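Below: one structure, written as structure tokens.
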Amino acid sequence: MTKKLLKTWQKPSITPHQMGTLNKFGRPVSGDYVEKIDGVAVSDLLREYGSPLFVISEKRLRDNIRQMKRAFESRYQPVIHAWSYKTNYLNAVCATLHQEGSWAEVVSAFEYEKARALGVPAERILFNGPHKKRAILERCVTEGARIHIDNLDELYLLDTIAREFDKVTSVTLRLNFDTGYTEDWSRFGFNLGSGAALDAAIRIGNSSHLKLRGLHSHIGTFILDPRAYQVQVEKMCGFMELIEQQTHALIDSIDIGGGFASQNALQGSYLPTEQVVPTMSQYADTICGTLLKMTAQREAQGKPRLKLILESGRAVVDDSEVLISSVVAGKRLPDGRASYVMDAGVNLLFTAFWYNHKVKHTRPLQGIPEETVLYGPLCMNIDIIRQSILLPPLSVGDSLVLSPAGAYNNTQWMQFIEYRPAIVMVHENSLVSVVRRAEKLEDLNGFESLPTHLNGQFKFAE
Amino acid sequence: MSEHPLNNFLSLYSDSLKRLALNDSGFVFDPMTGQSFTVNPCGLELLKLMQKQKDVELINHQILAEFDITAEILERDFLEFSEQLRRYLK
Ligand SMILES: Cc1ncc(COP(=O)(O)O)c(C=O)c1O
């Protein structure tokens, strides 16, 4: 007797035709799936390390920083990249970038200590941010890190410390100004237009122990118009000329901060990412071209060439990491849309609050794509990974690759309701290392201590 | 013993289901509302059976004989499909 061959079952689904409406979900993602990451099968990764799972591509990270350096160094030299720790301060990420030559850009005592513990010399650390207490400033002065002064109180404190330690200390002044293209970041640093920046430069000029050597500004993040950087470089160079005339300062570096956009889709933006995000060459053209023009005369006077410092964060790391998440349950919403509960939500993919991440399945899926909501595992209304995306029907256990996930997730994620999962790095030879293991109860309970009289003797109501 | 929820659905929506025009490529047209739909192959199979049958046991029997699927998953998916239809077949 021959057994009848059974047909494959697919979850039944029916989709109404919407006539004349533009497809606001972007291209359907069917047919386009990721089976492997740098040669390693997604299914193997999940089997070995569990779901959800962050996966970093070492190759992609190195390619990104090399490409950025090439774009800038072919137009201007010397260029220094300082890795913005807050963007992703996993040791494996920082170490990879330090191997590629990047310095460290830190904004807190914690980040400073992390960079030093990893083996970054103090002279290769730029210290930004509005919060620097005396103890960490003392350490920076002793060790020779470059402090970017944010406010007058910091300036006076630093001056006092440098005198107390009798250590001549090179400093950078953080500036803010309106570029006409970006949001106002005037809460950090000294304002150009108000004269505060000039006052600060003169005050540093009068100090016996502080030497003003650098100018810094960070004009915002995800900047889609390179002309913003043109205005920035022009204003910074104009200010440099002014203070070099009015004080004894000799500037050695112009630090333009970060802000280059990554290949991620901001919510509310209907154009494909590739059409709105400038290429690295476009950023480099504008920045280096303006810098060369603005410093030609200065160089003709025999002054040393300025170092151009970049603190690009998201553009370097974002697309080198993905988050793999699996379907826990499916639910048809009362309004007819498909929805799924995933095992990762905004607790892990914090940037889902402002990006529409790319979603790819990990095996070919049958069925008609329909409007779908992807929810996270938290019992919170705000826990939504994608509000609206066209996906074919998914089954429990199906995994999705969410990308890019490298920028600001492994630093801003929360231990809220759920454990945080493992992060692995795939190396160029397709070997895989765990670079941060999954959290366990002992890790979290380890922070706590229970007063003796609260230990046990619980009187539960019947 | 209470009635299987799908039997309720099948008798309540029997007329609406019967009036649907189906074709084999999955195009569905509802002449009452003028709305058209696309249904996937397994959904089409179920729709065809529902137009002929009002007893969920008989429909399940047919599907289980033809498809590689457990009764449990079928029940779950069939329920969800009926919720979708309930919404569209006013
Ligand atoms: C001072 C400074 N530098 C660099 C960065 C990195 O920015 P991005 O990731 O947009 O390149 C930031 C981010 O806020 C910053 O505040």
Side-chain angles (χ1 to χ4, degrees), chain A residues 1-21 23 25 27-31 326-342 361 363-375 388-398, chain B residues 5-6 9-10 13 16-17 20-23 25-30 32-51 56 59-90:
Chain A
M1 198 184 87
T2 50
K3 195 165 177 280
K4 197 177 150 201
L5 206 60
L6 293 175
K7 293 191 261 181
T8 317
W9 179 253
Q10 252 176 46
K11 200 183 275 197
S13 109
I14 181 165
T15 323
H17 295 159
Q18 291 167 328
M19 305 241 216
T21 51
N23 176 3
F25 320 111
R27 275 164 272 143
V29 296
S30 53
S326 307
V327 174
V328 175
K331 186 182 279 183
R332 187 59 63 182
L333 296 176
D335 65 6
R337 288 176 300 162
S339 82
Y340 298 96
V341 181
M342 308 295 299
H361 22 95
R363 62 177 180 94
L365 290 178
Q366 305 294 317
I368 306 144
E370 57 174 320
E371 185 178 359
T372 303
V373 191
L374 296 178
Y375 292 116
S388 181
I389 181 170
L390 285 180
L391 283 176
L394 303 172
S395 308
V396 171
D398 269 334
Chain B
L6 281 166
F9 167 77
L10 289 173
Y13 282 79
S16 320
L17 286 164
L20 295 179
L22 314 177
N23 86 6
S25 60
F27 183 83
V28 179
F29 180 70
D30 183 345
M32 278 293 279
T33 59
Q35 174 74 55
S36 60
F37 306 85
T38 301
V39 67
N40 69 355
C42 293
L44 182 64
E45 204 71 28
L46 279 175
L47 275 180
K48 284 182 180 167
L49 289 169
M50 285 189 273
Q51 290 190 324
V56 67
I59 297 178
N60 285 347
H61 190 76
Q62 286 257 8
I63 295 283
L64 292 171
E66 272 188 53
F67 289 89
D68 182 14
I69 189 196
T70 64
E72 201 183 357
I73 295 178
L74 172 59
E75 181 174 290
R76 184 221 170 277
D77 288 355
F78 197 171
L79 264 174
E80 191 173 282
F81 189 53
S82 75
E83 283 160 26
Q84 235 190 328
L85 291 170
R86 219 184 277 270
R87 177 178 152 68
Y88 297 133
L89 302 180
K90 283 288 147 58

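Labels below follow one simple rule: chain letters A, B, ... track the order of the sequence lines, proteins then strands, and each chain is numbered from 1. Everything quoted here is computed from the prediction, not taken from an experiment.
Across B:L74, B:V28, B:T38, B:I73, the residue that shares the most heavy-atom pairs under 4.5 angstrom with chain A is B:T38. Chain A forms more heavy-atom pairs under 4.5 Å with one residue of B:F67, B:Y88, B:F78 than with any other, namely B:F67. With respect to chain A, the highest number of heavy-atom pairs below 4.5 Å among B:L85, B:D30, B:L46, B:D68 belongs to B:D68. Note on B:G26, B:A65, B:G43, B:C42: by heavy-atom pairs under 4.5 Å with chain A, the leading option is B:C42.
Not a single side-chain hydrogen bond (donor to acceptor under 3.5 Å, both in side chains) links B:R86 to another residue, sequence neighbours left out.
Proximity to chain A is absent for every atom of B:L44, based on heavy atoms less than 4.5 angstrom apart. Looking at A:T15, the atoms closer than 4.5 Å to chain B (heavy atoms on both sides) sit in the backbone and in the side chain alike. Of the atoms belonging to B:F27, it is side-chain heavy atoms, and not backbone ones, that fall under 4.5 Å from chain A.
A salt bridge between A:R332 and A:E370 is present, with a side-chain N of the basic residue lying under 4.0 Å from a carboxylate O of the acidic one. Contact check on B:R76 versus B:E80 returns a salt bridge, with a Lys/Arg side-chain nitrogen under 4.0 Å from an Asp/Glu carboxylate oxygen.
Within the 4.5 Å cutoff, no side-chain heavy atoms of B:V39 are placed close to those of B:L22. Between A:S13 and B:Q84, some side-chain heavy-atom pair lies under the 4.5 Å cut-off. Within the 4.5 Å cutoff, no side-chain heavy atoms of A:T372 are placed close to those of A:L394.
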